[in-house]
K.L.:
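Just passing along the structure, written as structure tokens.
Below, all heavy atoms of this structure are taken into account, side chains as well, without hydrogens, waters or symmetry copies. In what follows, residues are counted from 1 in the order of the sequence shown.
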Amino acid sequence: MIGISVYLSDEAAEERILRASSSGMKLAFTSLHIPEESAYSKEHVSHLLSIFKREGFEVFADVSKNTPSFLGLSHMEELKELGVTALRLDDGFTTDEMMELSRHFQIAINASTVGARELQEWISCGLETGSMIAWHNFYPKPETGLDQAYFMKQQKLFEALDIPVYAFIPGDGEKRGPLYKGLPTLEDHRDQNPYTSAIQLRHCGIQGVFIGDPGCSQELLCKLVEYDQENVMELSYEGSGEIEGEYQLRPDPGRDVYRLLETRTNGDVPPSNTVERPRGTITRDNNLYGRYKGEMQIVRNDLEKNPAVNTVGRIRDEDLDLLELLEPGQKIRLIRGTDLSL
């Protein structure tokens, strides 16, 4: 599950909703209680929520106990009529209030702060795990994002109870104020390629990955949706344009290389550019490899040159971290970037 974040104070909010929708993304997070949003009317909120509803979005709203009065509502339940399907609860809600709201909404508890004791108390009071999501905070201030070890400890806590966990990654465009330093859950993701961050979160078991910042390129949206819906990972490379396209990895990854299925040929593949093969090199076996000729690989570990193996490309540096996130049988798409002399 991949989603965007939309904020009431963002003048481009409507445009961002429509752009995400056209990319195939149908999940959205919005905040209905932070101070920056207090100047916006119920009519403004209703307008944005109506766009979400028209475009078929599932909307998750961050709320506090003051949200109804802020929006001129009598009860929190009225948000359902505006198209909100799940609530991420701020501090201050009692167990009884959570229980009541869970009759109307899916409830997202704070995955970054809730511990085992508090969670078990809610469950013992009757709050069903099937109506819960565990959703991490984002951290606008640099150096305050979560540590990987703590993050995984929390992940195991919720996984043991079959509670899905959601988290945030930064965008690759306009950052959200007031600090404009990105909105990651993990500090390691603050300055990292957000596409890589999203895939890392999915490998950690995160079921919902949301772009925290309002700015997100069309390219990133499409890549994330394609990975989410079709399990196709895009890798940018430098080198021969002839190898651009979609492939599938063998289900039995080698220690040193990923092998690409159905790339062997009966045609002529003369030896060429048989140089050393650092990690990320894309290769093609030549005639000297007999029945293997034409087979393509992506190198996982630095290898010496081999007269039977041609070098035809190299994964770009910004995508190298994706190599160890590839899974057996993974579909990949090689997209050619800037040429590199090989």
K.L.:
Show me the donor-acceptor pairs, under 3.5 Å and distance only, between side chains in residues 208-219 and residues at least two apart or in other chains.
P.N.:
residue : atom : partner : partner atom : Å
Asp213  : OD1  : Arg176  : N            : 3.0
Asp213  : OD2  : Gly171  : N            : 3.1
Asp213  : OD2  : Leu183  : N            : 3.2
Ser217  : OG   : Asp172  : OD2          : 2.6
Ser217  : OG   : Leu220  : N            : 3.0
Gln218  : NE2  : Ser23   : OG           : 2.7

K.L.:
Can you run down the salt bridge (Lys or Arg N to Asp or Glu O under 4.0 Å) pairs that involve residues 141-169, sequence neighbours left out, and say none if there aren't any?
P.N.:
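Sorted result for residues 141-169: empty, none.
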K.L.:
If the threshold is 4.0 Å, N to carboxylate O, is there a salt bridge linking Glu187 and Arg190?
P.N.:
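The answer is yes: the pair qualifies as a salt bridge.
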K.L.:
Hey, is the main chain of Val63 close enough, under 3.5 Å, to the side chain of Thr67 for a donor-acceptor pair?
P.N.:
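Such a contact is absent between Thr67 side chain and Val63 backbone.
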K.L.:
Val309: which other cluster members, linking ILVMFWY side chains closer than 4.5 Å, directly or transitively?
P.N.:
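When side chains under 4.5 Å apart are linked, the cluster holding Val309 also contains Tyr289, Tyr292.
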K.L.:
For the backbone of Ala134 and the side chain of Gln154, can you confirm whether one donor and one acceptor N or O come within less than 3.5 Å of each other?
P.N.:
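Answer holds: no.
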K.L.:
Under the criterion side-chain contact (heavy atoms from CB on, under 4.5 Å), I'd like the reasoning laid out for Leu221 against Ile4: C-alpha separation, chi angles, the key distance, then a yes or no.
P.N.:
CA-CA 9 Å; Leu221 286 173; Ile4 58 169; 3.9 Å; yes
K.L.:
Using a 6.0 Å distance limit plus a 45 degree cone around the ring axis, check whether Lys175 lies over the aromatic ring of Tyr180.
P.N.:
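The answer is no; the distance or angle limit is not met.
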K.L.:
Would you find a donor on one side and an acceptor on the other, under 3.5 Å apart, between the side chain of Tyr258 and the backbone of Leu323?
P.N.:
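A pair under 3.5 Å: yes.
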K.L.:
Drop me the distance from Glu234's CD to Leu224's CG, to the nearest 0.5 angstrom.
P.N.:
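Between Glu234 CD and Leu224 CG, I get 10.5 Å after rounding to 0.5 Å.
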K.L.:
If you round to the nearest 0.5 Å, how far is CE of Met99 from CD1 of Ile107?
P.N.:
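It is 11.0 Å, given to the nearest 0.5 Å.
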K.L.:
With salt bridge (Lys or Arg N to Asp or Glu O under 4.0 Å) as the rule and sequence neighbours excluded, what pairs involving residues 242-251 come up?
P.N.:
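Those involving residues 242-251 are Glu246-Arg333, Arg250-Asp252.
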K.L.:
Between Asp302 and Arg277, does any side-chain N to carboxylate O distance fall below 4.0 Å?
P.N.:
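Salt bridge: no.
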K.L.:
Just how far is it from atom CG of Leu322 to atom CD1 of Ile199, taken to the nearest 0.5 Å?
P.N.:
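It is 5.0 Å, given to the nearest 0.5 Å.
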K.L.:
Sorted by first residue and then second, give each salt bridge (Lys or Arg N to Asp or Glu O under 4.0 Å) pair with at least one member in residues 113-132; sequence neighbours left out.
P.N.:
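Listed by first then second residue: nothing to list.
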K.L.:
Between His189 and Gln200, does any side-chain donor sit less than 3.5 Å from a side-chain acceptor?
P.N.:
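On atom types as modelled, these side chains qualify, holding a pair under 3.5 Å.
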K.L.:
Between the side chains of Lys293 and Thr265, is a donor N or O closer than 3.5 angstrom to an acceptor N or O?
P.N.:
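No.
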K.L.:
Has the side chain of Ser21 got a donor or acceptor atom that lies under 3.5 Å from a matching backbone atom of Leu18?
P.N.:
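Flag not set: sc Ser21 to bb Leu18 has no pair under 3.5 Å.
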K.L.:
Measure the shortest side-chain to side-chain distance between Phe151 and Ile206 over non-hydrogen atoms and say whether it is less than 4.5 angstrom.
P.N.:
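They are in side-chain contact.
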K.L.:
Got Leu334 and Ile315 here, is their nearest side-chain heavy-atom distance under 4.5 Å?
P.N.:
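With C-beta onward as the side chain, the pair touches.
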K.L.:
Taking side-chain hydrogen bond (donor to acceptor under 3.5 Å, both in side chains) as the cut-off, I'd like each qualifying pair that reaches into residues 279-288, sequence neighbours left out, listed once.
P.N.:
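Found Asp268-Asn287, Thr283-Gln297, Asp285-Gln297, Asn286-Asn310.
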K.L.:
Quick one: does Asn273's side chain get under 4.5 Å of Val312's, heavy atoms only?
P.N.:
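In short, these two side chains do not touch, never coming nearer than 4.5 Å.
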K.L.:
With sequence neighbours excluded, tell me which residues meet salt bridge (Lys or Arg N to Asp or Glu O under 4.0 Å) with Arg259.
P.N.:
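In terms of salt bridge (Lys or Arg N to Asp or Glu O under 4.0 Å), with neighbours along the sequence ignored, Arg259 is linked to Glu295.
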K.L.:
Does a side-chain N-to-carboxylate-O contact under 4.0 Å join Glu174 and Arg16?
P.N.:
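Looking at Glu174 and Arg16, the cut-off is met.
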K.L.:
Listed by chain and number, what are the salt bridge (Lys or Arg N to Asp or Glu O under 4.0 Å) partners of Glu324, not counting sequence neighbours?
P.N.:
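Glu324 satisfies salt bridge (Lys or Arg N to Asp or Glu O under 4.0 Å) with Arg300 once adjacent residues are dropped.
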K.L.:
Answer yes or no: is there a side-chain heavy-atom contact under 4.5 Å between Leu87 and Gln106?
P.N.:
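No, side chains not in contact.
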K.L.:
Does any non-hydrogen side-chain atom of Val232 lie less than 4.5 Å from one of Ile332?
P.N.:
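Sidechains of Val232 and Ile332: no contact.
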K.L.:
Kindly write out the residues that satisfy salt bridge (Lys or Arg N to Asp or Glu O under 4.0 Å) with Arg255, not counting sequence neighbours, or none if the list is empty.
P.N.:
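By the salt bridge (Lys or Arg N to Asp or Glu O under 4.0 Å) rule, Arg255 matches no residue at all.
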K.L.:
Which residues end up grouped with Val257 if you chain together Ile, Leu, Val, Met, Phe, Trp and Tyr wherever their side-chain heavy atoms are less than 4.5 Å apart?
P.N.:
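Once heavy-atom contacts under 4.5 Å are chained together, Val257 belongs with Val299, Leu303.
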K.L.:
To the closest 0.5 Å, what do you measure between CZ (Phe105) and CZ (Phe60)?
P.N.:
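Result: 12.5 Å between the selected atoms.
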K.L.:
Under the salt bridge (Lys or Arg N to Asp or Glu O under 4.0 Å) rule, what pairs show up with a residue in residues 93-108, not counting sequence neighbours?
P.N.:
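Residue pairs with at least one partner in residues 93-108: Lys65-Glu97, Glu100-Arg103.
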K.L.:
Just how far is it from atom CE of Met98 to atom CG of Leu89, taken to the nearest 0.5 Å?
P.N.:
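Answer rounded to 0.5 Å: 5.5 Å.
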K.L.:
Is there a donor-acceptor pair closer than 3.5 Å between any side-chain N or O of Thr185 and the backbone N or O of Phe168?
P.N.:
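It does hold such a pair.
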K.L.:
Could you go step by step and tell me if Thr30 and Asp62 meet the side-chain contact (heavy atoms from CB on, under 4.5 Å) rule?
P.N.:
CA-CA 6 Å; Thr30 191; Asp62 205 6; over 6 Å; no
K.L.:
Excluding sequence neighbours, so at least two apart, what forms salt bridge (Lys or Arg N to Asp or Glu O under 4.0 Å) with Glu327?
P.N.:
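Not a single residue meets the salt bridge (Lys or Arg N to Asp or Glu O under 4.0 Å) criterion with Glu327.
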K.L.:
What closest approach, in Å, do Asn231 and Gln330 show between heavy atoms, and which atom pair accounts for it?
P.N.:
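Closest pair (atom of Asn231, atom of Gln330, distance): O-NE2, 2.7 Å.
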K.L.:
Identify the two heavy atoms, one from His136 and one from Ser112, that lie closest to each other, and give their separation to 0.1 Å.
P.N.:
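Taking His136 first and Ser112 second, the nearest heavy atoms are ND1-OG, 2.9 Å.
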